Amino acid sequence: YIAQLPADHPLEARFHSVRGKVLISQGNLLEGVKDYRAAVAIGRKLDLPELGPLLTSLASGLINLHELAEAQAVANEALATTRRDFGARHPIHARSLADAARVQSILGNRPEALALMLEAVAIEEAAYAGSSSRLAISLQRLGWTYNQSGKYPEAIASFERAIAMEQGF
């Protein structure tokens, strides 16, 4: 059925997105990122409402491939797109913030990474009433960001919150 769709159909973008996620989960980063790039190209062409999350997924894949310059550009575009499309306090925007923080951390920009992660966690705390598996993951990332910044007591506190939250699920 997908083969019968025009190349720029919204379902074709969804197909590439799902296939990219599956390929990456199987360890095939190169092919997964290739599919995310195809999904993003369609998303940009059609101005799809899911462009922001597609960009976030592409940025994450690029980080895993250590293509950091492109990952940073895509993460910045994802931030602007999710802020525009969902608002600055939406959990989808928080995911973009977390990926941008990951890029900044890898690049050694610890203060910027920490600021982005703190903003992501604040959004998710408000959105999920202080408890969710997504928030627990962000608290773990925040803990690693604190750790890399040399803020060990804050890192421990963040990790402990994440562990306590995960035990509640």
Side-chain angles (χ1 to χ4, degrees), residues 1-107 113 116-117 119-129 131-142 144-145 162 165-166 168-169:
Y1 175 73
I2 294 291
Q4 297 172 357
L5 293 174
D8 60 354
H9 193 281
L11 287 177
E12 184 73 11
R14 182 72 178 139
F15 167 76
H16 283 292
S17 174
V18 170
R19 189 168 77 176
K21 183 175 186 173
V22 168
L23 288 167
I24 287 173
S25 74
Q26 294 173 341
N28 192 341
L29 293 173
L30 288 173
E31 288 301 311
V33 166
K34 183 177 173 182
D35 271 299
Y36 276 133
R37 281 189 172 120
V40 165
I42 295 167
R44 284 178 177 143
K45 183 176 182 179
L46 300 179
D47 195 25
L48 295 176
E50 61 267 22
L51 177 59
L54 291 173
L55 287 162
T56 299
S57 295
L58 176 57
S60 183
L62 290 166
I63 292 167
N64 291 332
L65 286 174
H66 300 286
E67 294 183 19
L68 300 180
E70 185 180 0
Q72 185 173 22
V74 173
N76 289 338
E77 184 182 357
L79 280 175
T81 303
T82 57
R83 186 180 299 116
R84 179 195 72 209
D85 293 349
F86 298 97
R89 305 302 300 167
H90 196 283
I92 290 175
H93 183 60
R95 181 166 176 234
S96 294
L97 286 163
D99 279 343
R102 192 169 159 217
V103 172
Q104 292 303 320
S105 181
I106 291 169
L107 293 173
L116 290 164
M117 256 336 288
E119 187 178 351
V121 167
I123 292 167
E124 289 179 349
E125 285 176 326
Y128 301 126
S131 181
S132 79
S133 59
R134 181 72 218 148
L135 177 57
I137 291 167
S138 291
L139 286 167
Q140 289 173 8
R141 285 185 175 182
L142 177 60
W144 284 113
T145 306
M165 199 173 291
E166 288 174 341
F169 298 121

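Here the structure is a predicted model, which means the values were calculated and not measured.
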Checklist line | Any Leu79 side-chain heavy atom under 4.5 Å of His93 side chain | finding: yes
Note to self: Side chains of Trp144 and Arg141, heavy atoms from C-beta outward: is any pair under 4.5 Å?
What the structure shows: no
Note to self: If I take atom CD from residue Glu77 and atom OG1 from residue Thr82, how far apart are they, to the nearest 0.5 angstrom?
What the structure shows: 10.5 Å
Next item on the list: Taking all non-hydrogen atoms of both residues into account, name the closest pair between Phe86 and Pro53 and its distance.
Entry: CE1-CD, 3.9 Å
Notebook entry, point to check: Can you name the nearest heavy-atom pair linking Ala136 to Met165, along with the distance?
Noted result: N-SD, 3.7 Å
Check: Distance from Glu70 atom CD to Ile63 atom CD1, nearest 0.5 Å?
Finding: 11.5 Å
Check: How about Ile42 and Arg14: do any of their side-chain heavy atoms sit closer than 4.5 Å?
Finding: no
Margin query: Is any side-chain heavy atom of Ser57 closer than 4.5 Å to one of Arg95?
Written below: yes
Checklist line | Reported CG-to-CD1 distance for the pair Leu97 and Ile92, which is rounded to 0.5 angstrom | finding: 12.5 Å
Notebook entry, point to check: Atom CG of Leu30 and atom CD1 of Ile24: how far apart are they, to the nearest 0.5 Å?
Noted result: 9.5 Å
Next item on the list: Measure the shortest side-chain to side-chain distance between Leu55 and Arg44 over non-hydrogen atoms and say whether it is less than 4.5 angstrom.
Entry: yes
Next item on the list: Would you name the heavy atoms of Ala71 and Leu62 that are closest together and state the gap between them?
Entry: CB-CB, 3.7 Å
Margin query: Please find the pair of heavy atoms, one from Ala98 and one from Ala120, that lie closest to each other, and give the distance.
Written below: N-CB, 4.1 Å
Note to self: Return the CG to OG1 distance between Leu51 and Thr56, rounded to the nearest 0.5 Å.
What the structure shows: 9.0 Å
Item checked: Residue pair Arg102 / Asn64, side-chain heavy-atom distance below 4.5 Å -> yes
Notebook entry, point to check: Between the side chain of Thr81 and the main-chain N/O of Ala78, is any donor-acceptor distance below 3.5 Å?
Noted result: no
Next item on the list: Inspect the contact between Glu67 and Arg37 and indicate whether a charged nitrogen and a carboxylate oxygen are less than 4.0 angstrom apart.
Entry: yes
Next item on the list: Taking all heavy atoms of Leu46 and all of Asp8, pick out the closest pair and write down the distance.
Entry: CD1-O, 2.6 Å
Check: Could you give the distance from CG (Leu54) to NE2 (His16), rounded to the nearest 0.5 Å?
Finding: 11.0 Å
Check: Do Ser96 and Arg83 have side-chain heavy atoms sitting under 4.5 Å apart?
Finding: no
Next item on the list: Could you pull out the closest heavy-atom pair between Ala100 and Ala75, with the gap in Å?
Entry: CA-CB, 4.0 Å
Notebook entry, point to check: Given side chains that start at C-beta, do those of Glu119 and Ile123 come closer than 4.5 Å, heavy atoms only?
Noted result: yes
